[in-house]
Number of protein chains: 2
Amino acid sequence: MAIRRKEPPAEQPEAYPITYGVLGLLSFIGPMSGYDLKRAFDHILSPMWGAAHSQIYKELRRMETLGWVTMEREEQESRPDRKVYSIISAGQQALTAWEAQPKISLQMRDELLLKITFGSFAPPGALMATVKAGLAFHEERLAEFRENLHHLLVRHDQPQEEPGANQNAGDPFARRITLLAIEAEEVYTRWLRELLDFLKEREPQLEDR
Amino acid sequence: MAIRRKEPPAEQPEAYPITYGVLGLLSFIGPMSGYDLKRAFDHILSPMWGAAHSQIYKELRRMETLGWVTMEREEQESRPDRKVYSIISAGQQALTAWEAQPKISLQMRDELLLKITFGSFAPPGALMATVKAGLAFHEERLAEFRENLHHLLVRHDQPQEEPGANQNAGDPFARRITLLAIEAEEVYTRWLRELLDFLKEREPQLEDR
DNA sequence: TATATCATGTAATCGGTTACATGATTAA
DNA sequence: TTAATCATGTAACCGATTACATGATATA
């Protein structure tokens with residue numbers, strides 16, 4: 001019953017995966033604003049990480065106090081100033097130190113699979129509608145990933161028009177990651193289609209709405 | 001610049017996916033303690049959702065105040081009392097209402113893929129060690145899922161020894177989910193092995209440590 | 001004889017989501 | 001002319017993780 005005050009940890013973790021996601025993009029692509037970073041996240045990191053823009057901004061502020069990035073303010077008319085962040089050497093070192101650790105974490109939160117798991121509690125027809133919505137969602141994801149691959153392929157072979165537009169094309173990992181994402185979504189969508197067939201067999205009268 | 005107090009939302013969401021994960025397991029399997037639920041989560045829901053035991057306990061308390069479950073205390077010697085929770089009709093209705101909504105959410109947090117994405121910033125040999133650790137992790141996951149499938153298959157054909165031990169065997173969704181999880185991990189591990197081959201080609205001298 | 005693991009839960013902290021703000025274009 | 005979307009950020013809240021507790025039995 002005795003209450004023991006927790007002693008401050010010898011070295012509180014000052015960064016987590018999303019921190020390195022931001023840091024990696026700044027190093028990979030170059031100086032950017034929080035807004036740009038959000039888009040880079042959605043395009044490049046969507047297969048393995050999602051982040052709200054608000055959190056990216058927060059991480060940027062934190063990393064600035066850590067001395068990992070610097071910020072330069074660009075004034076604009078009728079729009080909030082752009083705060084352009086750049087990675088500096090301490091940040092680059094932190095990124096490398098993280099890469100040196102083999103520790104990995106994995107979190108999956110898939111509400112579609114959860115609903116399917118307990119699908120026997122769904123009212124008639126409801127599960128079919130959910131699966132259809134899920135199939136549409138994942139087909140769109142698959143299409144995006146295929147488009148990403150297309151960009152990687154063309155820009156790799158052709159001379160670059162916009163300078164600095166596509167540094168990742170020459171990177172050996174970007175394409176591999178995209179290929180995995182595509183394959184995973186192909187498996188997922190095929191599985192959903194088979195499930196849909198099964199549901200249609202069971203409840204043919206509910207096939208449309 | 002005016003500060004506007006936020007008005008309380010007309011109807012605050014009283015549940016989120018994990019709530020229905022707990023609820024679904026209680027309905028699917030039967031009355032359980034928080035401890036049992038944690039194990040059920042790890043076995044049945046691991047392909048799509050992870051939860052710390054502390055959060056499961058918290059959800060149970062919340063759901064009790066909502067009137068979705070009831071709790072009965074079982075006294076034990078030299079061990080904290082078991083609090084056994086049971087789903088009641090309001091909870092069953094909430095579960096069905098959730099199933100009736102086609103809305104789905106998806107969150108992926110894969111630190112391994114993140115490290116690989118920025119693998120060009122890793123010190124020599126570090127990425128290879130990370131990929132090896134990741135491969136071991138996912139091979140273990142794959143083995144677990146295959147074992148789950150095995151259990152589903154045998155218990156489905158044979159008469160059940162322990163009563164109530166395996167209600168899910170007859171369920172059409174449990175096996176399908178497991179099959180998807182297996183296929184996904186097969187794709188993932190194969191991809192990791194190919195990546196490892198690529199890395200070994202690049203840095204043959206670093207192949208061991 | 002330490003050290004895990006089983007068994008069962010509570011409390012504090014923090015990562016991440018949702019809401020709040022603003023104003024200019026573009027589309028319906 | 002109403003509503004999106006682009007563009008850019010801050011503040012509040014809450015879901016989820018980590019730490020705290022306890023005491024058996026099993027394992028090294």
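Values in this document were obtained by computation on a predicted structure and should not be read as measured data. Heavy atoms only: backbone and side chains are in, while hydrogens, waters and symmetry mates are out. A note on names: the letters A, B, ... follow the listed sequences, proteins ahead of strands, and every chain is numbered from 1.
In this structure, CD1 of Ile18(A) is placed 8 Å from P of dT17(C), rounded to the nearest angstrom. Here dG9(C) presents its P atom at 12 Å from CD of Glu64(B), a figure rounded to the nearest Å. Taking atom CZ of residue Arg109(A) and atom P of nucleotide dG15(C), one finds them 15 Å apart after rounding to whole Å. Taking atom CZ on Arg73(A) and atom C1' on dT10(D), their separation rounds to 12 Å, with Å as the unit. Taking atom NZ on Lys58(B) and atom C1' on dC14(D), their separation rounds to 8 Å, with Å as the unit. Rounded to whole angstrom, the span from the NZ atom of Lys38(B) across to the P atom of dA16(D) amounts to 13 Å. When the P atom of dT17(D) is taken as reference, atom CD of Glu59(B) falls 12 Å away, rounded to whole Å. Per the geometry, CD1 belonging to Ile56(B) stands 10 Å off P belonging to dT17(D), to the nearest Å.
Applying the salt bridge (Lys or Arg N to Asp or Glu O under 4.0 Å) test to pairs two or more places apart or on separate chains, those with a residue in residues 17-40 of chain A are Asp36(A)-Arg39(A), Asp36(A)-Arg82(A), Lys38(A)-Asp42(A).
Taking side-chain N and O atoms only, Arg61(A) has a distance below 4.0 Å to OP1 or OP2 of dT10(D).
Each of Ser54(A) and Gly34(B) has a nearest nucleotide on DNA chain C; the 5'-most of these lies closest to Gly34(B).
Shown here is Glu140(A), whose CD atom has no more than 12 heavy atoms of other residues, nucleotides or ligands within 6.0 Å.
Using a 30° and 60° split on the angle between ring planes, Trp98(B) and Tyr20(B) fall in the parallel class, below 30°.
Contact detail for Gly24(B) and Phe121(A): the closest heavy-atom pair is O-CE1, 4.1 Å.
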Mind running salt bridge (charged side-chain N to carboxylate O under 4.0 Å, His left out) on Glu186(B) and Arg146(B) for me, showing each step along the way? CA-CA 11 Å; Glu186(B) 282 172 347; Arg146(B) 282 182 172 149; 2.8 Å; yes
Distances for protein N or O near nucleotides 6-8 of chain C N or O, under 3.5 Å:
{"residue": "dT8(C)", "atom": "OP1", "partner": "Arg82(B)", "partner atom": "NH1", "Å": "3.0"}
{"residue": "dT8(C)", "atom": "OP2", "partner": "Arg82(B)", "partner atom": "NH1", "Å": "3.4"}
{"residue": "dT8(C)", "atom": "O3'", "partner": "Asp81(B)", "partner atom": "O", "Å": "3.0"}

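Note on Arg62(B) versus Glu14(B): no salt bridge recorded, every NZ/NE/NH1/NH2 to OD/OE distance being 4.0 Å or above.
Using a 4.0 Å heavy-atom distance criterion, Gln107(B) is classed as a sugar-phosphate-only contact.
Of the candidates Val84(B), Ile87(B), Leu26(B), Met32(B) forms a side chain to side chain contact (heavy atoms under 4.5 Å, CB included) with just one, namely Leu26(B).
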